Each structure stands twice: as structure tokens, then as C-alpha cells.
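First the structure, in the form of C-alpha cells, and then the observations on it.
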Amino acid sequence: MAERSTLTGSPGQELAGPAEGGGAEPHPLAAAPARPAGFAGTLPGGLLLTVRPRQWVKNLLVVAAPAAAGELASVHTVLELALVFVLFTAAAAAVYLLNDARDAEADRAHPDKCRRPVAAGTVPVPLAYALGSVLAVSATGAAALLCNTATAALLAGYVVMQIAYCLRLKRVLVVDLAVVTAGFVMRAMSGGLALGIPLSRWFLITAGFGALFMVAGKRYSEALLMGEGEGGTRALLREYTVGYLRFVWQLAAGAAVLAYCLWALGTDAGAGVSLCRQLSMVPLICAVLRYGVFVDRGSAGSPEDVLLRDRPLAVTAVCWGVLYGLSVAGL
């Protein structure tokens, strides 16, 4: 869902995956805007924009569990994770198409989302419905044939949950936060399930609360910019207070940091604790605190822009990645 970000001064991109679709009521006088020029105004270009290639990076979370377990060395692992990445990308694309087709009229009343190809008329609504349905069925069918039972069940559950979100759940208080968060956690779990890697409780707790921190921070930024009680075209934001959303993202940030620190300071099967593993707490905490500054300002409506444009945050993230990688290698 397009958001405004004071960090960039321009419309941002969505965070949470396909479950971030709009739910606005259409304006009675809304009309389709003129089609964009160039490749974006063609049917292939419109379809490409509708499936949101920029958001595919979120599906890289499928490597999270194998990376945490240090299981990325073999060709078989890489190929298996590539397959899971493609399947999640197809499933997410299906939900984007179905969501945009369903919300086409409402999107035409939105100053930013009116540019979406389905709302603009570049991609016909029936075609978006048809292609979205085909992708959803194909992704789940391919998972059943090419992956193990656990991965296929997880992907099928993801598709069903996201479609239910588009139809109804995005209008249910608190449930909308839970569903968007669950979408990220399911991605993070999928790689481990595909390779038969046990998922530790600390991994699941950190991933879950970390995702909730990002989702609630995004909602908080949007609510802060629009004003309390003013949902704009996201009607559910009127039901949240700024104070409540602040409570959620602060709670989630604290829980995620605590879970990570307990993991970093713990021992595995009596082995000594890696120094790099302990040191990785420092950049992680700094990154959370730094990102919290932008959330508190209302500038975290587009998390990827925050990470890419704020150099100290990017450097901190790289430092954490290096230390974490060394800890996985046993150093």
C-alpha cells in the first residue's frame, strides 16, 4: 500500500506484503486516471508493476532459518531455497493482483494508488482476477508436487490467509496487524521447513516480534502523519489511536531485542558462547534504536527507504550481518 514518508518526501512502497492492500470506500465521483506513458502504460508493463517487483526482496526471508543454522553451503540447499523463493513470489503476486482488482474503484479515489495499473485501466479487472487465481492455484499446486508436506501446507495457508485478509480481515481491528506479521514469519519459517531444519524458539520469537515492530511502526507512522482519528483511505486507521500503536511497536521492539539477547547469551548443547554472537547484540540494539527514531517521527511508512537512505542504519545493519555470519561459522 502506498504510504507517505517524511524521510523521502515522496510516496513510498508497502512493507508487509500482499496483506497490505487498501480497503477504502470508493468515492462516488472517482474516475480512472489517464494511463501512464511508455512501458508502464502497456499491458506487460502494467502487469509487471501490479505484481510489485520491488517487494520481492521480502521473500528473501526464506533463507533466514537456513542462514541461522549455517546450512547455506550446498548446491541442493541453494536450489531448494530458490524454489521456495519463486513459489512465495508467485503467491504474493497472485494476492497483489486479486487485491488490486477488488479495490480498483476505491483506489481511483486515492491520490497515490490511483496510479496502480488496475485502477488506471492499464490492466483490465477481469484479467487481474483471472491471472491472480491462476498464480494462486499454480503456486500451491507446485508446492505440493515439488516440496515437502510442511512447506506445501505453509504456502497454502499463506495464500488462504492473504486472500481472507483482502476480503475481510484487513478491516478487523488488531487482526490486521497479526495477519501482516504472520506473513513475514511464515516466509522466515519456510526455508527451515523445506530443508527439515528445526526452528528454535528464539528464532520464532525474535522473527515474530521483529516483524510486528516493523508492521506496527509503519501503521504508527501513517497514523501520525494523517492525524489521530483520520484514516484517509485506510478506514481501519480511524479505529487505532496513536498511543495504542506506539504501545504496540515499543512492546514488539523490546520483546524482539530481549529474545535475541537471550539467544546470543545462551549456550547450545553445553558449548561455549561465541564472542561474535555476543557482540552481535550491540549493532542489533543500535539498529533498533536508530530505526525507532524514524518510527517516532512518523517517517517509517516505507521501511526499505529508511534502510537504504539512512547511512548510519545501513552501516549498523552490515556490522550486525558480519558478526552474525561469523557467529554462525563458529567464531
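From a predicted model like this one, the values you see are computed outputs, not experimental measurements.
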Determine whether [X] and [Y] make a side-chain contact, defined as any pair of heavy atoms from C-beta on separated by less than 4.5 Å.
X    : Y    : value
L204 : S200 : no
I285 : L289 : yes
W320 : T316 : no
L48  : P53  : yes

Donor-acceptor under 3.5 Å ([X] side chain, [Y] main chain):
X    : Y    : answer
T151 : C147 : no
R108 : A119 : yes
S327 : Y324 : yes
R277 : W263 : yes
S299 : V295 : no

Exercise for review: Decide side-chain contact (heavy atoms from CB on, under 4.5 Å) for V180 and K218; before the verdict, give the C-alpha distance in whole Å, the side-chain angles of both, and the deciding distance to 0.1 Å.
Suggested key: CA-CA 11 Å; V180 179; K218 177 181 170 70; over 6 Å; no

Review point. Would L81 and L195 satisfy side-chain contact (heavy atoms from CB on, under 4.5 Å), going step by step from the backbone distance to the final call?
Key: CA-CA 8 Å; L81 292 177; L195 297 171; 4.1 Å; yes

Check your understanding: Which residues, ordered by chain and number, are linked to V160 in its hydrophobic cluster, where ILVMFWY side chains connect at heavy-atom gaps below 4.5 Å, directly or through other members?
Key -> none

Going hydrophobic residue to hydrophobic residue with side-chain gaps under 4.5 angstrom, can you get from [X] over to [Y]?
X    : Y    : result
V174 : L167 : yes
V84  : V78  : no
V75  : V86  : no
V318 : V282 : no
V257 : V293 : no

Would you give the length of the straight line joining atom [atom1] of [X] to atom [atom2] of [Y], rounded to the nearest 0.5 angstrom?
X    : Y    : atom1 : atom2 : result
D310 : R290 : CG    : CZ    : 4.0 Å
R201 : T206 : CZ    : OG1   : 11.0 Å
M281 : C276 : CE    : SG    : 12.0 Å
L97  : R52  : CG    : CZ    : 8.5 Å
L145 : T140 : CG    : OG1   : 9.5 Å
N148 : E80  : CG    : CD    : 7.0 Å

Locate the shortest heavy-atom distance separating [X] from [Y]; write the atom from each residue and the value.
X    : Y    : answer
S280 : Y260 : OG-OH, 2.6 Å
D296 : L224 : O-CD2, 3.5 Å
T122 : G46  : CG2-CA, 4.0 Å
A256 : G210 : CB-N, 3.7 Å
A65  : L199 : CB-CD2, 3.6 Å
G157 : M186 : C-CE, 3.8 Å

Exercise for review: Identify, with sequence neighbours excluded, every residue that meets side chain to side chain contact (heavy atoms under 4.5 Å, CB included) alongside A317.
Suggested key: L307

Exercise for review: Tell me, please, which residues at least two apart from L173 pass side chain to side chain contact (heavy atoms under 4.5 Å, CB included).
Suggested key: L236, E239, Y240

Review point. Any cation-pi pair here, R219 with W249, using under 6.0 Å and within 45°?
Key: no

Check your understanding: After noting the C-alpha distance and the side-chain angles of L98 and I163, does the key distance pass the side-chain contact (heavy atoms from CB on, under 4.5 Å) rule?
Key -> CA-CA 8 Å; L98 295 173; I163 292 176; 4.1 Å; yes

**Study point:** From V51, L49, L43, residue fulfilling side-chain contact (heavy atoms from CB on, under 4.5 Å) relative to L47
**Key:** L43

**Study point:** Among L155, L83, V159, L60, the one residue meeting side-chain contact (heavy atoms from CB on, under 4.5 Å) with F88
**Key:** L155

Exercise for review: In sequence, state the C-alpha distance, the side-chain angles, and the governing distance for V137 and S133, and then conclude on side-chain contact (heavy atoms from CB on, under 4.5 Å).
Suggested key: CA-CA 6 Å; V137 172; S133 300; 5.6 Å; no

**Study point:** Donor + acceptor pair across side chains of R246, Y220 (<3.5 Å)
**Key:** yes

Check your understanding: Do we see a donor-acceptor contact under 3.5 Å between the side chains of Y158 and S190?
Key -> no

Point to revise | CZ (F209) with more than 12 external heavy atoms under 6.0 Å | key: no

Point to revise | Derivation of the salt bridge (charged side-chain N to carboxylate O under 4.0 Å, His left out) call for R116 and D100 | key: CA-CA 8 Å; R116 289 180 173 176; D100 285 7; 3.3 Å; yes

Exercise for review: Would you please classify the geometry between the Y291 ring and the F213 ring as parallel, tilted or perpendicular, with 30° and 60° separating the classes?
Suggested key: perpendicular

Check your understanding: Should K170 and D103 count as an ion pair when the cut-off is N to O under 4.0 Å?
Key -> yes

